[in-house]
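First the structure, in the form of structure tokens, and then the observations on it.
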Amino acid sequence: MADLIRISEVARELGVSPSRLRQLADSGVIPSERSAGGHRLFDPGAVRSALAQLMSTSDFSSRRWSRPDWHRTLELSGLQEDVVWQDALAEALHDRMSQEGRSTAAYAFTEMLNNAIDHSGAEEVQVSVWISRVEARFEVADRGRGALPHLRERLALSDLYDALGELTKGKTTTDPDRHTGEGIFFTSKAVDVFTLESGGIRWTVDNVRRDQAVGASDVTEGTRVRWEMDPSTEIPISEVFSAYTDEDLDFARTRTVVKLFGFGVRFVSRSEAKRLLRGLERFSHVTMDFSGVEEVGQGFVDEIVRVWPRQHPQTVVEPVGMVGPVEFMVRRGLPRRDG
Ligand SMILES: Nc1ncnc2c1ncn2[C@@H]1O[C@H](COP(=O)(O)OP(=O)(O)O)[C@@H](O)[C@H]1O
Ligand SMILES: [Mg+2]
């Protein structure tokens with residue numbers, strides 16, 4: 001984790017006025033601490049994460065994501081993502097990010113740019129970078145067919161939320177001959193805050209707060225991907241890969257977030273469970289995160305802990321993040337061992 005920094009520095013680096021920051025810190029929106037001398041101190045990672053939450057107030061967000069330090073509009077025909085990174089960005093970022101930060105940024109940037117090249121059907125792509133001492137932000141945006149509408153159509157899913165659910169599982173691709181469906185999954189887990197917007201929906205993966213959310217977006221055409229990272233991160237991207245791969249380095253483990261698959265905090269029916277479980281037999285280990293879920297029904301639980309595992313013995317489903325009544329229902333639904 002980076003060192004704690006002063007309010008003036010945070011304000012300067014993030015382009016937020018010190019008075020606004022003080023207000024946000026006082027109201028607890030942005031976490032801060034006090035130094036022995038009484039100065040407010042901020043952890044850049046926590047500030048980035050809190051600001052990402054504020055993005056829903058569009059006025060704040062549009063100021064934050066305007067005037068990039070580096071921007072290009074690139075024609076997609078014949079474009080090569082690694083060449084763009086090498087020729088245009090690698091050097092510019094060399095002295096401004098740690099080695100680990102640059103590897104993660106290179107992975108995320110080339111994967112997201114490749115998606116625009118291979119999947120969007122658009123003619124051009126907009127790429128932007130904001131870089132300061134406390135944060136690095138990237139955006140790759142195209143006006144093509146849109147990731148969620150594209151997935152819904154090609155995988156014959158019922159709606160865009162269904163498409164998003166599939167995308168969050170990993171190994172979801174519309175072009176299995178040439179692609180593996182890993183890019184968005186690993187990118188979303190490797191950076192601090194990741195958002196993908198398409199079809200009027202925004203999916204946020206906040207790895208600082210360990211939370212994911214789905215909300216409304218004004219992006220109705222094409223796909224816009226944004227991510228934020230700590231430029232001085234010491235965490236190697238290999239850590240993210242090893243969390244989701246097995247000894248053979250296969251992408252064998254995934255983590256599904258139950259609350260992304262519904263509209264509320266209650267999950268009752270067997271059909272909801274089936275939607276959640278569809279395709280998870282592609283993995284040998286599934287961590288199923290119940291955080292934010294307040295109530296589950298017997299049919300839902302029975303499908304997850306008994307019926308599906310019996311049909312797919314090669315996949316282990318590990319429920320985590322359960323509270324009170326959810327934990328009770330899941331424990332109760334688990335098949336009893338003899339004796
Ligand atoms: N910019 C985009 N435009 C249209 N579809 C996209 C875009 N980005 C991603 N997708 C869709 O999301 C899927 C998953 O992307 P990704 O995780 O990078 O896996 P892969 O590229 O290996 O298929 C793609 O197969 C594609 O259908
Ligand atoms: Mg891809």
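In each ligand, atom 1 is the first atom listed, and ligand 1 is the first ligand listed.
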query: Run the side-chain contact (heavy atoms from CB on, under 4.5 Å) check on Met112 and Phe194 step by step: do they pass?
result: CA-CA 11 Å; Met112 296 306 105; Phe194 174 91; 4.3 Å; yes
query: Please walk me through it: do Tyr107 and Phe241 pass ring pair (Phe, Tyr, Trp, His ring centres under 6.0 Å)?
result: CA-CA 12 Å; Tyr107 176 81; Phe241 287 117; 5.3 Å; yes
query: Hey, mind stepping through Glu135 and Trp130 against side-chain hydrogen bond (donor to acceptor under 3.5 Å, both in side chains) and telling me if it holds?
result: CA-CA 8 Å; Glu135 65 165 5; Trp130 293 255; over 6 Å; no
Audit row: Arg40, Asp26, salt bridge (charged side-chain N to carboxylate O under 4.0 Å, His left out) steps and yes/no: CA-CA 10 Å; Arg40 252 199 214 78; Asp26 286 343; 2.5 Å; yes
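Ranking protein heavy atoms by distance to atom 3 (N) of ligand 1, first place goes to Ser120 CA, 3.3 Å. Among protein heavy atoms, the minimum distance from atom 10 (N) of ligand 1 is reached at Ala147 CB, 3.7 Å. In terms of protein heavy atoms, atom 23 (O) of ligand 1 is closest to Thr173 OG1, 2.5 Å. For atom 2 (C) of ligand 1, the nearest protein heavy atom (residue, atom name, distance) is Thr223 OG1, 3.6 Å. Looking from atom 13 (C) of ligand 1 to the surrounding protein, the closest heavy atom is Thr172 O, 3.8 Å. Scanning the protein heavy atoms around atom 19 (O) of ligand 1, the nearest turns out to be Gly181 CA, 3.1 Å. For atom 27 (O) of ligand 1, the closest non-hydrogen atom on the protein side is Thr174 OG1, 2.6 Å. At the shortest separation from atom 15 (O) of ligand 1 among protein heavy atoms lies Ile184 CD1, 3.5 Å.
Within ligand 1, the atoms closer than 4.0 Å to a non-hydrogen atom of Thr180 are 22 (O), numbered from 1 in the order shown. Which parts of ligand 1 touch Gly183 is read off a 4.0 Å heavy-atom cut-off, strictly below it: atoms 16 (P), 17 (O), 18 (O). Listed by number with element, the atoms of ligand 1 under 4.0 Å from a non-hydrogen atom of His179 are 20 (P), 21 (O), 22 (O), 23 (O).
Using a 4.5 Å heavy-atom cutoff, the side chains of Glu100 and Ile235 are not in contact. Side-chain contact between Phe42 and Val134 is absent, with no heavy-atom pair separated by less than 4.5 Å. Between Thr172 and Arg282 there is a side-chain heavy-atom pair separated by less than 4.5 Å.
For the side chain to side chain contact (heavy atoms under 4.5 Å, CB included) with Leu276, the qualifying choice from Val258, Val257, Leu260 is Val258, the only one to do so.
The heavy atom nearest to atom 24 (C) of ligand 1, out of those in His119, Glu166, Lys171, is found in His119. Among Leu113, Asp118, Asp142, Asn115, the residue whose heavy atom sits closest to atom 18 (O) of ligand 1 is Asn115.
Ion pairing between a basic and an acidic side chain is recognised when a charged N comes within 4.0 Å of a carboxylate O; Glu272 and Arg275 show no such pairing.
Protein contacts to the Mg ion (ligand 2) involving N, O or S atoms at a distance below 2.8 Å are Asn115 OD1.
No donor-acceptor distance shorter than 3.5 angstrom exists from the side chain of Arg72 to the backbone of Val127, with no hydrogens or angles considered.
Taking a 4.0 Å cut-off on heavy atoms, Gly144 fails to register as neighbouring ligand 1.
A donor atom on one side chain and an acceptor atom on the other are found under 3.5 Å apart for Ser291 and Asp289. Residues Ser232 and Asp230 bring a donor and an acceptor atom of their side chains to less than 3.5 Å of each other.
Here Leu151 has side-chain heavy atoms under 4.0 Å from ligand 1, and that is the only part of it that gets that close.
The aromatic rings of Phe186 and Tyr244 sit perpendicular to each other, their planes meeting at more than 60°, with 30° as the lower class boundary.
Taking each heavy atom of Pro231 and Arg133 in turn, the nearest pair found is CG-O, 3.4 Å.
Taking any N or O of Glu111, backbone or side chain, none lies under 3.5 Å from an N or O belonging to ligand 1.
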